[in-house]
Amino acid sequence: FQCDIYGETDALMLKDSQYHPETGDVTNLELMRVSRDVKMTVSIPIVLEGESIGASEGGLITQATSTIEIECLPTDVPENLMADISTLELNSAMTAADLVLPADVSLVSPEDTTIVTCNPPKAEVEPEPELVEGEEGVEGEDGEQAEGEAADGAVSLHISEPTRLG
């Protein structure tokens, strides 16, 4: 936007804002003077859109990067970049090079910056059944089992009731 300062009109851009934690009211605005004909580097948010093919197959979507650095004229700065993840398959990723940038906007962040991934959920490990006192465990190859040791080599412990000291 433009601001008249001491009789001169300057182009300004909002650099940062701070809000009151309870009321949400603006408490501070930080403005930056810009030249309309000089490109500048800015960091803008990435918004994911669409339903991923991988997610519909049970995959988990993880956004690895929420902002990206771009270069453009102050008048061409987009509010955000939309990342269409509808073609994202299971075990795949979208990088900064895959983003569709508006005209007159160029990417500054490395092209191999990971934006979002779709990975299969981690397999849940089923807990091994606990032996109840009096039950016999699985025997080893020779038919014997060392005292206090399960067939798989794990050590089993017996915990007795706590004893209260004096």
Side-chain angles (χ1 to χ4, degrees), residues 1-131 150-157 159:
F1 57 92
Q2 293 183 0
C3 186
D4 186 26
I5 302 174
Y6 301 117
E8 291 185 31
T9 302
D10 287 323
L12 301 174
M13 183 174 201
L14 181 63
K15 183 176 182 180
D16 191 25
S17 56
Q18 296 175 354
Y19 301 91
H20 190 277
E22 291 179 6
T23 64
D25 294 338
V26 176
T27 58
N28 186 49
L29 292 176
E30 187 175 345
L31 303 174
M32 175 173 63
R33 184 180 295 156
V34 294
S35 178
R36 291 178 179 260
D37 57 347
V38 176
K39 288 189 175 189
M40 56 187 287
T41 300
V42 292
S43 179
I44 59 169
I46 300 169
V47 178
L48 304 181
E49 69 177 346
E51 178 67 27
S52 161
I53 294 170
S56 63
E57 295 173 352
L60 300 174
I61 300 296
T62 304
Q63 187 170 2
T65 304
S66 60
T67 60
I68 200 86
E69 298 279 320
I70 60 167
E71 182 181 67
C72 61
L73 293 172
T75 55
D76 296 333
V77 176
E79 186 174 321
N80 57 44
L81 279 180
M82 303 301 284
D84 181 12
I85 61 169
S86 59
T87 60
L88 191 64
E89 297 179 0
L90 200 58
N91 292 317
S92 64
M94 175 184 276
T95 63
D98 299 323
L99 293 172
V100 178
L101 300 174
D104 300 324
V105 173
S106 58
L107 184 65
V108 173
S109 294
E111 289 186 356
D112 63 348
T113 301
T114 301
I115 304 299
V116 62
T117 61
C118 181
N119 296 309
K122 293 186 179 190
E124 292 183 23
V125 177
E126 292 187 30
E128 292 189 24
E130 295 181 23
L131 293 178
D152 63 358
V155 175
S156 61
L157 299 174
I159 300 173

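Treat the numbers as computed from the prediction; the structure is a model and nothing was measured.
Considering CE of Met94 and CD of Gln63, their distance stands at 10.5 Å, rounded to 0.5 Å. Note: Ile70 CD1 to Lys39 NZ = 10.5 Å, rounded to the nearest 0.5 Å. Expressed to the nearest 0.5 Å, how far OG1 of Thr113 lies from CD1 of Ile46 amounts to 8.5 Å. Note that CG of Asn80 and OG of Ser66 are 12.0 Å apart. Values are rounded to the nearest 0.5 Å. We find the CG-OG1 distance between Asp112 and Thr95 to be 7.5 Å, quoted to the nearest 0.5 Å. Atoms OG1 and CG, from Thr27 and Leu29 in turn, are 8.5 Å apart once rounded to the nearest 0.5 Å.
Ile44 pairs in a side-chain contact (heavy atoms from CB on, under 4.5 Å) with only one of the listed residues (Ile68, Val105, Thr67), which is Ile68.
Between the Ser109 side chain and the Glu69 main chain, a donor and an acceptor come within less than 3.5 Å of each other. Under a 3.5 Å cut-off, the side chain of Ser52 and the backbone N or O of Gly54 do form a donor-acceptor pair. Thr117 places no side-chain N or O within 3.5 Å of a backbone atom of Ala93 that could act as its donor or acceptor partner. With Thr23 contributing its side chain and Asp25 its backbone, the two residues share a donor-acceptor pair below 3.5 Å.
A 4.5 Å side-chain heavy-atom check between Arg36 and Thr75 finds at least one atom pair inside the cut-off. Using a 4.5 Å cut-off on side-chain heavy atoms (C-beta onward), Gln18 and Val26 make no contact. Using a 4.5 Å cut-off on side-chain heavy atoms (C-beta onward), Leu81 and Pro102 make contact. Looking at heavy atoms from C-beta onward, Leu48 lies in side-chain contact with Ile85 at the 4.5 angstrom threshold. Between Ile53 and Leu88, the closest side-chain pair of non-hydrogen atoms is not below 4.5 Å.
In the displayed structure, Glu30 atom CD is contacted under 6.0 Å by more than 12 heavy atoms of other residues, nucleotides or ligands. More than 12 heavy atoms of other shown residues, nucleotides or ligands fall within 6.0 angstrom of atom CD in Glu49.
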Leu60 vs Asn119, side-chain contact (heavy atoms from CB on, under 4.5 Å): CA-CA, chis, key distance, verdict: CA-CA 5 Å; Leu60 300 174; Asn119 296 309; 5.6 Å; no
Residues Cys72, Val77; criterion side-chain contact (heavy atoms from CB on, under 4.5 Å); working and verdict: CA-CA 6 Å; Cys72 61; Val77 176; 3.5 Å; yes
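Residues Ala83 and Leu99 share a closest heavy-atom pair of CB-CD2, 3.7 Å. Among all heavy-atom pairs drawn from Gly59 and Pro121, the shortest one is CA-CD, 4.3 Å. In plain terms, the two heavy atoms of Ala55 and Ile61 that are nearest each other are CB-CG1, 4.0 Å. Contact between Met40 and Pro74 at its shortest, heavy atoms only, is SD-CG, 3.6 Å.
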